Amino acid sequence: MGNKKNNEHIEPLQPIYENRELSWLRFNERVLEEAEDERTPLCERLSFISIYQTNLDEFFMVRVGSIHDQMLLKDGARENKTGMTMEEQLEAIRERVKELGKRKDVAYANLMGRMEEQNIHLINFAKLDERQGAYLQTYFEQEIMPLLSPIIVTKKQPFPFIKNNEICAVAVLGTKNSKAKNVKTRIGIVPCNNGMFRRLIQIPGAGGYYMLAEELILHFLPSVFNGYNIVSKSLIRVTRNADIDADKSYDEELSYREHMEEVIKQRRKLTPIRMDYTRDLDKQVLTQMKNYLKIDKDMIFKTKAPLDLSFVFDIQDILRHKNELFYEKRFPQRSPELDETKPLLPQILKGDKLLSYPYQSIRPFLNMLTEAANDPNVVSIKMTLYRLAKHSKVVEALVEAAENGKQVDVLVELKARFDEENNIGWSRRLEAAGCHVIYGLDGLKVHSKLCLITRKVEDQVQYITQIGTGNYNEKTARLYTDLCIMTADEKIGAEAARVFQALSLGEVLQSTEHLFVAPKCLQNKVLDRIEREIQIARDGGDAYLGFKLNSLTDKVIMDKMIEASQAGVKIEMVIRGINCLIPGIPGKTENIRVVSIVGRFLEHSRIYIFGKGKREEVYIASADFMTRNTIHRVEVAAPIYDPKARKKIKEMFDLQLRDNVKAREQHTDGSYVYVTHETPAIDAQEILYEEAYKEAGAAAKGDIPEES
């Protein structure tokens, strides 16, 4: 009997969860697919390959940096969904990044080959004629050489600090005219992007010939290190850890704003965690670089493509006159529900108004703020601000309100990663105007998108509440898909007032009736509604859940979804980025379908749908189903009570589930495969824009541009 057991073939259990970091790399692979996709206009494909790279840079700075820090603790911690150790995660990340790096290099080479058809040639010295070479030598000697700061590493000159993501030329230097066999070499380093010269250099002559500044510097390293032989040379780029706990390092001797300024300075000096290089370097030299930088040898990657692909946007500018190389021009349209020639506040008092970006303009919301700033009946404006545009009309309206004597309370989240400096500047501007500025809560980021306008007309208090899925940022409102509801519902307004009162006291809400408000009143309310659908399914009813998210990682919610699927609840999800719950597994997640849309616009709106028919509830939210959102941040989800707005949101969600152009469906092995149907092409983003034009009554495309 024992032998039979030993000889039995036991099928391995299919994993039901995927590691968060590996799921994110699948998302970035979908971004890379857009650079490879022949259906995407040529110049837009350049954007996607650059986005792929910048995404990866941030991934290393934040996620890999965090894993690296945890590994140093040597506490044996494991990731809570797959049980992977920190070391196992880093190894899996390295292997996946190498695979994707090869694809990126091929995609880049193909794109630059296609650029030559458009008379754009990015060349090296092997392809130059004598006259072009002479021009570049003169250009280097006059325009670049005087601005360089070369360093030779010696005992008296230690290895220099290399800035985060800075491109440097590195040379292995040997002594000139030495006949010795074992010549001792040194390392020379030249920073290449100091901001004082152009990166994309045009070469005179027929056609559009260009060279990158770092390639020019690399070629002329013999002139820079005149007293040495160049044994080998390469370009390198170092990525530093940017994961720093601002609250843990808080110095109470400083104001919180001053503390965040110090945090930004610290981040620039954090540990290197990755190095990329472009040319073959001797293993001994790579070992030296590893030792100098104190970097793991497995975190050194060779690439054939340039180390920083942001120059492709300069190429786009050169080709801007060729419309066929770009997406068709689209402009955010007027909402048919609002008459912008008339005061907006009375229109919202009559009924809820929904805006859908970028299909509709953010302008009505901005105009509403300005109108409130000048309305004699408005007594206060309260807002939470996370990321703002560099030239923010939102801040202008709040400043105007304060200068007009309104009470303006603004929570500016100074811990908005990589936007800290921008937010620090805006906080100073708001304070100078007389606004009351709060900087967030201890241990919690305030990520909600909430605005409350309070009016007093005679003895009546009126609330106008705006709740959104995206930041108050005019620039990203043209690029990200987001939803915004403006309502005069008294109960929602009263709860929003409680949110702001709690924030001003450094507290969080413990209970709510209408809004979902993390960290105490969001995850539990989602779980309760999933449980309701489970009971309906077990009773033989038609149970349903629908979610549109950026990411799904919250294991508590995922476990409840598995239970719901097993009970027969149909679950449909549109998840752009990370998804740690693998759908379609028999007996586990077979009733769950997951679709990801990566296309022209970044899908950013969050929608929660619970139930069908009379019990159907629809919410829009600032929160993804990630633990950091559901229990470690202040987030707000708002119920959509207006039937027309609820119907519109449901239609948008259903359309995305039917997308067969930019949608990929996740399979049981975790992979994402383009959705294909025999039906006509359905590109949800394009259809939604066409509907916006139609609804706005535009006679022709492009005739109602949004004001800049």
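Start at 1 with the first residue, then count along the sequence. Bear in mind that the values here come from a model prediction, so they are computed numbers and not experimental data.
We find that R615 and E533 are joined by a salt bridge, their nearest charged nitrogen and carboxylate oxygen being less than 4.0 Å apart. Between D654 and R658 there is no salt bridge, since no side-chain nitrogen of the basic residue lies less than 4.0 Å from a carboxylate oxygen of the acidic one. Taking the charged nitrogens against the carboxylate oxygens, K647 and E651 do have a contact shorter than 4.0 Å, which makes a salt bridge. Classification of R529 and E617 as a salt-bridged pair holds, one side-chain N sitting under 4.0 Å from a carboxylate O. In summary, E18 and R26 engage in a salt bridge, as defined by a charged side-chain N under 4.0 Å from a carboxylate O. Salt bridge R96/E29: present, at least one basic N to carboxylate O contact under 4.0 Å. The pair E33-R30 fails the salt-bridge criterion, with no side-chain N (NZ, NE, NH1 or NH2) lying under 4.0 Å from an Asp/Glu carboxylate O.
At a cut-off of 3.5 Å, with distance as the only test, a side-chain donor of D69 or N241 sits close to an acceptor on the other residue. Side-chain atoms of R387 and N473 form no donor-acceptor pair, as typed in the model, at a separation below 3.5 Å.
With sequence neighbours left out, N19 forms a side-chain contact (heavy atoms from CB on, under 4.5 Å) with E21, L22, E79, T82, M84, Q89. Taking the salt bridge (charged side-chain N to carboxylate O under 4.0 Å, His left out) definition, one finds that E531 meets it with K560, sequence neighbours left out.
For the atom pair NZ of K570 and OG of S565, the computed distance is 12.5 Å after rounding to the nearest 0.5 Å. Residue D57 holds its CG atom at 10.0 Å from CG of L307, rounded to the nearest 0.5 Å.
With hydrogens and angles ignored, the 3.5 Å screen pairs no side-chain donor or acceptor of T384 with any backbone N or O of L411. Looking only at distances, no side-chain donor or acceptor of Q523 sits under 3.5 Å from a matching main-chain atom of I631.
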Checklist entry - Would K650 and E616 satisfy salt bridge (Lys or Arg N to Asp or Glu O under 4.0 Å), going step by step from the backbone distance to the final call? => result CA-CA 11 Å; K650 278 290 304 300; E616 179 185 78; 2.9 Å; yes
Next on the checklist: With salt bridge (Lys or Arg N to Asp or Glu O under 4.0 Å) as the criterion, how do E34 and K662 come out once you've worked through the C-alpha distance, each side chain's angles and the decisive distance to 0.1 Å?
Outcome noted: CA-CA 9 Å; E34 290 299 303; K662 292 300 181 184; 2.8 Å; yes
Next on the checklist: Apply salt bridge (Lys or Arg N to Asp or Glu O under 4.0 Å) to residues R274 and D276 and explain how you reach the verdict.
Outcome noted: CA-CA 7 Å; R274 175 184 68 162; D276 294 315; 3.7 Å; yes
Checklist entry - Given D683 and R600, is the salt bridge (Lys or Arg N to Asp or Glu O under 4.0 Å) satisfied, shown in steps? => result CA-CA 10 Å; D683 185 330; R600 175 175 184 173; over 6 Å; no
Item to check | Candidate pair E603 and Q656, rule side chain to side chain donor-acceptor pair (under 3.5 Å), full reasoning | outcome: CA-CA 10 Å; E603 290 292 337; Q656 293 207 318; 2.9 Å; yes
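Within the structure, every pair that satisfies the ring-ring contact (aromatic ring centres under 6.0 Å, His included) test and touches residues 49-73, not counting sequence neighbours, is listed here: W24-F59.
By the 30° and 60° cut-offs, the orientation of the rings of F547 relative to F610 is perpendicular.
Y357 and Y480 have their aromatic ring centers separated by at least 6.0 angstrom.
In this structure, R646 fails the cation-pi test against Y641, since its NZ or CZ atom is not both closer than 6.0 Å to the six-membered ring centre and inside 45 degrees of the ring normal.
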